[in-house]
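Proteins come first, then strands; the chains are lettered A, B, ... in the order of their sequence lines, and each starts at number 1. No hydrogens, no waters, no symmetry mates; every other heavy atom, side chains included, goes into these values.
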There are 2 protein chains.
Amino acid sequence: MTDTQTQAGTRDALLEAAQYLFGHKGYEGTSTRAIADRAGVNVASIAYHFGGKAGLRRACAEALAERLNAALQAEGPRPLPGTPQAAVAEMETAIRAITGIIVGSDGARDTVTFILRELGDPGEAAELIFARLFLPRHARFCQLWSIATGQPAEADEVKLTIFSLIGQIVYFRIAEPFVARRMGWSATGPDQAAQIADLIIGNLNAMIERARR
Amino acid sequence: MTDTQTQAGTRDALLEAAQYLFGHKGYEGTSTRAIADRAGVNVASIAYHFGGKAGLRRACAEALAERLNAALQAEGPRPLPGTPQAAVAEMETAIRAITGIIVGSDGARDTVTFILRELGDPGEAAELIFARLFLPRHARFCQLWSIATGQPAEADEVKLTIFSLIGQIVYFRIAEPFVARRMGWSATGPDQAAQIADLIIGNLNAMIERARR
DNA sequence: AAATGTTAATCAATCGTTTGATTAAGTGCA
DNA sequence: TGCACTTAATCAAACGATTGATTAACATTT
């Protein structure tokens, strides 16, 4: 009985270790040996399972997109809400969920760290994450906004507005250490995430009100 | 007559080359040789002028903070505006200026690329940039918001609101390739920056209106 | 000549990848 | 069932290339 991985365990262990290290030290800053060590696995396994370091990076993004899409599910063939009130309600719920995942320190923390690192390093992985994770939700938000305000869903101003809405959430995570210090937070947990979500929902309602005029 | 740098020229050439490469390929992804080549200078000059690669990184951050502070100047001992209208006007002007620098493709493009890369890689450089560049403006914005709305400048909600305001701008730059594609932009230049600034100023006014109620 | 810059050459360490060997689990046939 | 063979998976070891840093010689200026 050994403590090394066997069978499919190796693949998953590599994905988890790589996601953690790529996220915290960056792709270039992470050596294949460091990944293998953290996974408790031989270096050669990376080439065997993923073709190489770059393949492992791509596999991380794919696995993560699938996993997060499942967690946020919802992205199924849901019908659009019928009233402005219901549309606003769905946006508020979504903002709370997304803020909790991006800002709060739940289980997805390392995953979000990886995503943000890739966002700043345009490439295949960022492409994949945006196409599968961000854009579908952006389109949904545009439709909800359209129902809530009466503006056409594909109007330039609407699309930009939704970007500005999501940007607020993402920035709180990017600047987290500095936000925490400025706010006097010892940690950024679910309570802080809720406080941030409340604020952004307030902004959302202010923006909707203005758009209706 | 050679084409290599002499005297103080070497130092500046290294700073510029390093800022470009650190920003576009990341700190770990950039070799000292690549920096020296781009600067048209010998590798050993890095150790001579900056003590090493890490020192060059710090020097980049310091030089950039000084330069951007000068460009945005304003941060002198300006008096606070006396009326809510004047406070809103200053915020709008600042948003236009910051959006132009961060989003538009003016001369500061490589500098902003470096900053965003460092923001995602917490360390000495990010610390310096935030302390010297971001926080002073955050505090100023809080005061302006206070004058505009009557809320106390150091209230939690105000501080968070200002973060959410800045976050909108930063995100447009981070997600620039994806925003551009979604919007059908072939490039993100001054016109697009102005469009984004208009939108964010609209959001600002909506938020202020709501805060006054 | 002393101080300051710049250079080519070299260093040990580490990089991602490849190799050949080894193990264990299937597979086909008698 | 028993034997011969193939396949998938993992390993230690080694590969050539590149890394950041250092050295000592050379050039320029004061």
Side-chain angles (χ1 to χ4, degrees), chain A residues 1-63 114 117-118 121 123-125, chain B residues 1-63 114 117-118 121 123-125:
Chain A
M1 189 74 168
T2 71
D3 58 346
T4 61
Q5 305 288 341
T6 62
Q7 289 290 86
T10 296
R11 217 190 118 93
D12 290 348
L14 277 174
L15 281 173
E16 191 181 311
Q19 187 198 69
Y20 179 89
L21 289 171
F22 286 160
H24 285 81
K25 318 225 176 208
Y27 177 75
E28 309 276 1
T30 300
S31 73
T32 51
R33 285 168 180 78
I35 299 170
D37 285 354
R38 175 168 244 266
V41 141
N42 191 275
V43 208
S45 307
I46 294 174
Y48 180 79
H49 284 284
F50 305 100
K53 192 185 181 184
L56 177 52
R57 181 190 207 171
R58 190 186 328 112
C60 280
E62 282 169 356
F114 177 92
R117 180 77 73 160
E118 289 295 337
D121 200 357
E124 201 182 349
Chain B
M1 186 77 167
T2 72
D3 59 346
T4 61
Q5 304 288 342
T6 61
Q7 289 289 88
T10 297
R11 211 189 123 94
D12 290 347
L14 278 174
L15 281 173
E16 190 181 313
Q19 186 198 68
Y20 179 88
L21 289 171
F22 286 159
H24 286 81
K25 315 220 177 213
Y27 177 75
E28 309 275 2
T30 301
S31 72
T32 52
R33 283 168 180 79
I35 298 170
D37 284 354
R38 177 167 244 266
V41 142
N42 190 275
V43 208
S45 307
I46 295 174
Y48 180 80
H49 285 283
F50 305 100
K53 190 185 180 185
L56 177 52
R57 181 191 207 171
R58 189 185 332 111
C60 281
E62 282 168 357
F114 176 92
R117 180 75 74 160
E118 290 295 337
D121 201 357
E124 200 181 351

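For B/Ser45 and C/dG5, the shortest distance from a side-chain N or O to OP1 or OP2 is not below 4.0 Å. In this structure, B/His49 reaches the C/dT6 phosphate: one of its side-chain N or O atoms is under 4.0 Å from OP1 or OP2. Between B/Thr10 and the phosphate of C/dG5, there is no side-chain N or O to OP1/OP2 separation shorter than 4.0 Å.
Note: OH (A/Tyr48) to P (C/dA21) measures 18 Å, nearest angstrom. In this structure, the CD1 atom of A/Ile46 is 8 Å from the P atom of C/dT17, given to the nearest Å. When rounded to the nearest whole Å, the span between CG of B/Leu21 and P of D/dG20 equals 11 Å. Look at CZ on A/Arg33: it is 10 Å from P on C/dT17, rounded to the nearest Å. Computed from coordinates, the B/Leu14 CG to C/dG5 C1' distance equals 12 Å when rounded to whole Å. Between the P atom of D/dT19 and the CG atom of B/Asp37 lies a distance of 10 Å, rounded to the nearest Å. Following rounding to the nearest Å, A/Lys53 (NZ) and C/dT18 (C1') show an atom-to-atom distance of 17 Å. Going from atom CD of B/Glu28 over to atom C1' of D/dT18 covers 14 Å, rounded to whole Å.
Within the nucleic acid shown, A/Val43 comes within 4.0 Å of at least one base atom, counting heavy atoms only.
Nearest to the side chain of A/Ser31, among C/dT6, D/dA21, C/dC15, sits C/dC15.
Using modelled atom types, no side-chain atom of B/Lys25 and backbone atom of B/Ser31 make a donor-acceptor pair closer than 3.5 Å.
Within the cation-pi definition used here (under 6.0 Å to the ring centroid, within 45° of the axis), A/Arg38 qualifies as a partner of A/Tyr20.
In this structure, A/Ile46 and A/Lys53 approach most closely via the heavy-atom pair CG2-N, 4.0 Å.
The residue among A/Ala44 and B/Asn42 whose nearest nucleotide of DNA chain D is located toward the 5' end is A/Ala44.
Here A/Ile35 contributes atom CD1 and A/Phe50 contributes atom CZ; the two are 10.0 Å apart, rounded to the nearest 0.5 Å.
Looking only at side-chain heavy atoms (C-beta outward), B/Phe22 and B/Arg57 come within less than 4.5 Å of each other.
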